[in-house]
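Since the model is a prediction, treat every value here as computed from it, not as a measurement.
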Amino acid sequence: MSDPSLLADPGAWVRGITIRQPWATCILAGKTPENRPVHWPWRGWVLLHAGKAKPDPALLRDPLVATAIRGRELHRGAVIGVARLTDCHLDQGPEHCTSPWAQRDAHHLVLDDVRELPLPVPAPGALPAWRPAPELVAQVLQQLPDLRP
C-alpha cells in the first residue's frame, strides 16, 4: 500500500453497504440503481458487501436476474466489489428512471465505477451503511491498489 493515510480513517472516504444476493452480484454485472427504502446522504466510495442470507430461489429464476448472474458465483458474507455512490433520488416514475432494475416508490442509489474484487473478502457487514475497519479496507486496497478517494 503506497498511501497509509487511506487507512488512518477509512470512514472519512468509504462506507460499506450490505446487499442481499442475488442483487449484490447483479450490481457487479451492471445493475443500477440499487433500491433502498430511505434516502442516503453519503456520496463516495462504498464497499459492496454480499449479505449472508440465502437468495430467494424465485429471484434466481427472474429473467433479468438470471441473465445478470449467469456464470457467476453468489458469494455471501463478504465484500465482493467497490463502487462510487454518485446520487440518491426518490423514484418519480418510469420517465425519470428508465432502468429495468428501478423499483417504484424506492430511493435509487446510483452506483458508478463498479469494480469487482478478484477474491471476496470475508466481512460481517451491517445495516444500514457502515464504517469499515481499517483492516478490511487494507485487504480491499491490496486487490485494488489504484483505488483512491
Side-chain angles (χ1 to χ4, degrees), residues 6-7 9-94 96-145 147 149:
L6 293 176
L7 296 178
D9 182 15
W13 68 275
V14 66
R15 294 285 190 277
I17 177 175
T18 298
I19 304 163
R20 291 190 65 167
Q21 288 289 25
W23 308 122
T25 297
C26 289
I27 289 170
L28 297 178
K31 173 188 181 283
T32 188
E34 166 61 7
N35 301 290
R36 292 289 161 144
V38 296
H39 177 78
W40 282 41
W42 174 260
R43 299 295 179 273
W45 288 105
V46 290
L47 303 181
L48 301 173
H49 177 266
K52 293 181 182 180
K54 282 188 173 185
D56 178 348
L59 286 176
L60 301 178
R61 292 187 297 274
D62 177 276
L64 191 60
V65 172
T67 300
I69 65 172
R70 185 172 292 127
R72 294 176 170 269
E73 190 169 342
L74 297 179
H75 298 284
R76 297 190 334 235
V79 173
I80 60 173
V82 299
R84 188 180 300 271
L85 174 57
T86 58
D87 187 31
C88 178
H89 57 264
L90 182 60
D91 173 72
Q92 297 175 354
H96 182 258
C97 196
T98 60
S99 170
W101 300 101
Q103 289 180 354
R104 302 300 161 229
D105 300 320
H107 291 268
H108 297 164
L109 303 184
V110 179
L111 302 170
D112 292 315
D113 302 324
V114 176
R115 301 177 193 187
E116 186 170 359
L117 291 179
L119 299 170
V121 179
L127 291 174
W130 43 277
R131 288 179 175 259
E135 299 79 22
L136 176 58
V137 174
Q139 289 180 296
V140 169
L141 290 174
Q142 283 180 332
Q143 297 185 53
L144 300 173
L147 185 69

### Task
Check the pair Val140, Trp45 against side-chain contact (heavy atoms from CB on, under 4.5 Å), reporting the backbone distance first and the verdict last.
CA-CA 12 Å; Val140 169; Trp45 288 105; over 6 Å; no
### Where Gly81 and Leu28 come nearest, the two heavy atoms and their spacing
CA-CD2, 4.2 Å
### Message
Looking at every non-hydrogen atom in both residues, tell me the closest pair between His107 and Pro37 and how far apart they are.
### Response
CD2-O, 3.4 Å
#### Entry: Test ring pair (Phe, Tyr, Trp, His ring centres under 6.0 Å) applied to Trp101 - qualifying residues, sequence neighbours left out
none
### Message
side-chain contact (heavy atoms from CB on, under 4.5 Å) for Lys31 and Ser99? Distances and angles first, verdict last.
### Response
CA-CA 9 Å; Lys31 173 188 181 283; Ser99 170; over 6 Å; no
### Task
Under the side chain to side chain contact (heavy atoms under 4.5 Å, CB included) rule, collect the residues that match up with Pro120, sequence neighbours excluded.
His75, Ala78, Ile80
#### Entry: Pairs flagged by salt bridge (Lys or Arg N to Asp or Glu O under 4.0 Å) wherever residues 11-20 is involved - sequence neighbours left out
none
### Task
Could you walk me through whether Gln143 and Val121 pass the side-chain contact (heavy atoms from CB on, under 4.5 Å) test, one step at a time?
CA-CA 10 Å; Gln143 297 185 53; Val121 179; 3.4 Å; yes
### Task
Decide yes or no on side-chain contact (heavy atoms from CB on, under 4.5 Å) for Trp42 and Ile17, but give the supporting numbers first.
CA-CA 11 Å; Trp42 174 260; Ile17 177 175; over 6 Å; no
### Task
Would you give the length of the straight line joining atom CG of Leu85 to atom CG of Asp113, rounded to the nearest 0.5 angstrom?
11.5 Å
### Task
Would you mind listing every salt bridge (Lys or Arg N to Asp or Glu O under 4.0 Å) that reaches into residues 50-63, with sequence neighbours excluded?
none
### Message
Just to verify, what does Asp91 make a side-chain hydrogen bond (donor to acceptor under 3.5 Å, both in side chains) with, not counting sequence neighbours?
### Response
Arg104
## Note on the structure
Ala83 meets the side chain to side chain contact (heavy atoms under 4.5 Å, CB included) criterion, sequence neighbours left out, with Val46, Leu48, Leu111, Val114
### Message
Per the salt bridge (Lys or Arg N to Asp or Glu O under 4.0 Å) rule, what does the pair list look like for residues 67-83, sequence neighbours excluded?
### Response
Arg72-Glu116
### Nearest non-hydrogen partners of Ala50 and Gln21, listed with the distance
CB-NE2, 3.6 Å
### Task
Mind listing the closest non-hydrogen atom pair of Arg131 and Ala12 along with its distance?
NH1-N, 4.1 Å
### Contacts of Arg36 that satisfy side-chain hydrogen bond (donor to acceptor under 3.5 Å, both in side chains) - sequence neighbours left out
Glu34
### Listed partners of Gln103 passing side chain to side chain contact (heavy atoms under 4.5 Å, CB included), at least two apart
Asn35, Ala106
### Message
Among residues at least two apart in sequence or on other chains, which ones pass side-chain hydrogen bond (donor to acceptor under 3.5 Å, both in side chains) with Asp105?
### Response
none
### Query
How would you list, by chain and number, every residue that makes a side-chain hydrogen bond (donor to acceptor under 3.5 Å, both in side chains) with Thr32, sequence neighbours excluded?
none
### Contacts of type side chain to side chain contact (heavy atoms under 4.5 Å, CB included), residue Leu60, not counting sequence neighbours
Pro22, Pro55, Ile69, Leu74
